[in-house]
There are 2 protein chains.
Amino acid sequence: MADDVFKALADPTRRRILDELTDRNGQTLFEICGRLVAKHGLGLSRQAVSQHLAVLETAGLLVTRREGRYKFHDLNTDPLEHIVTRWLGPKTSKAPQTPESTP
Amino acid sequence: MADDVFKALADPTRRRILDELTDRNGQTLFEICGRLVAKHGLGLSRQAVSQHLAVLETAGLLVTRREGRYKFHDLNTDPLEHIVTRWLGPKTSKAPQTPESTP
DNA sequence: TTGATAGGCAAGTTGCTACTTGCCTATTGT
DNA sequence: ACAATAGGCAAGTAGCAACTTGCCTATCAA
């Protein structure tokens, strides 16, 4: 569950892929490949990127849809929302929190 | 930088250690060892935990202070604050876009 | 001082993970 | 039909990371 999310985020290349999809959502494998090479100079094979996408998908950070011979990858940031609040105490409130007891 | 933080969070044992320090801050190595064994049944050597603590410290998630023969480990959640906002756009739009102009 | 406690350093092993290579299927354009 | 495009599957390799083992230093209590 959250385990897969942390594992997916552990790799810098996968974080770059998330960056690219944040910049432009719904890209294909080849588009992502091209962008990684062009913008970051990463020399990666197509399969390497494909495997990274698989990891991101099992983590729930990615949703894919197929149209013809194209497979589009859509970002899903839901798993990122509360992944870190586990260690952030109820103070340090800089996000809208429960309007319960505010001392 | 943020690279070290993600790498530190990738390991489930290290996340357990953060849990333990969230529950009780300022523990020593032996205390953390004892808690991991007692509460999670993890059979870890002292050095294993020590190395995990070193990783957490280089990631900035941990600050240590020495008193006599004791070394206390204090949690620092600052690196966790904005680690994930990078992909959380201000717009929460999850509507997939159209792909690039297909050549 | 002696022994017990708290921790550190370094080399070695094992298992996972990122990446490659090679071949295969499916869809589309001409 | 045929070739090009988009992607998938599976086995193999190299490097790293988690963990162990063994020995060492420092502090405190008796």
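Every chain is numbered from 1, with letters handed out A, B, ... down the list of sequences. FYI, side chains are in, hydrogens and waters are out, and symmetry mates aren't considered; it's all heavy atoms of this structure.
Across D/dT21, D/dA10, D/dC19, the shortest atom-to-atom separation from the side chain of B/Gln47 is found for D/dT21. Among the nucleotides D/dG7, C/dT28, C/dT5, the one closest to any side-chain atom of B/Arg69 is C/dT5.
Within the 4.5 Å cutoff, the side chain of B/Leu62 has heavy atoms near those of the B/Leu75 side chain. Using a 4.5 Å heavy-atom threshold, the side chains of B/Arg15 and A/Asp3 count as touching.
Remark: A/Ser50 is in phosphate contact with D/dG8, judged by side-chain N or O atoms under 4.0 Å from OP1 or OP2. Contact annotation: A/Ser45 does not reach the phosphate of C/dC19 (side-chain N/O to OP1 or OP2, under 4.0 Å). Contact check, B/Lys71 against C/dG8: a side-chain N or O comes under 4.0 Å of OP1 or OP2. The shortest distance between the side-chain N/O atoms of B/Lys7 and the OP1/OP2 oxygens of D/dC16 is not below 4.0 Å.
If you check distances only, the side chain of B/Arg46 does reach the base of C/dG8 with a donor-acceptor pair under 3.5 Å. Remark: the A/Gln51 side chain and the C/dT20 base include a donor-acceptor N/O pair separated by less than 3.5 Å.
Residue A/Asp11 contributes atom CG, which lies 13 Å from atom P of D/dC16 at whole-angstrom precision. When rounded to the nearest whole Å, the span between CD of B/Glu57 and P of C/dG8 equals 9 Å. Atom P of nucleotide C/dC19 and atom CG of A/Leu53 are separated by 12 Å, given to the nearest angstrom. Between A/Arg65 atom CZ and D/dG7 atom C1' the separation is 16 Å, expressed in whole Å. The separation between B/Phe6 atom CZ and D/dA17 atom C1' is 19 Å, rounded to whole Å. For the pair A/Arg66 CZ and C/dA26 C1', the computed distance is 7 Å after rounding to whole Å. Distance CZ (A/Arg14) to P (C/dT17): 9 Å, rounded to an integer number of Å. One interatomic measurement links the two molecules: CG of B/Leu36 to C1' of D/dC19, which rounds to 14 Å at whole-angstrom precision.
Surrounding CZ of A/Arg86 are more than 12 heavy atoms belonging to other residues, nucleotides or ligands, all under 6.0 Å away.
Residues B/Glu31 and A/His52 each lie close to DNA chain C; by heavy-atom proximity, the contact nearer the 5' end of the strand is made by B/Glu31.
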(request) Output, in order, the C-alpha distance, side-chain angles, deciding distance and verdict of side-chain contact (heavy atoms from CB on, under 4.5 Å) for A/Leu36 and A/Arg16. (result) CA-CA 8 Å; A/Leu36 288 178; A/Arg16 291 291 180 201; 3.9 Å; yes

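Under the side chain to side chain donor-acceptor pair (under 3.5 Å) rule, B/Glu20 has a single partner from B/His73, B/Gln27, B/Arg35, which is B/Arg35.
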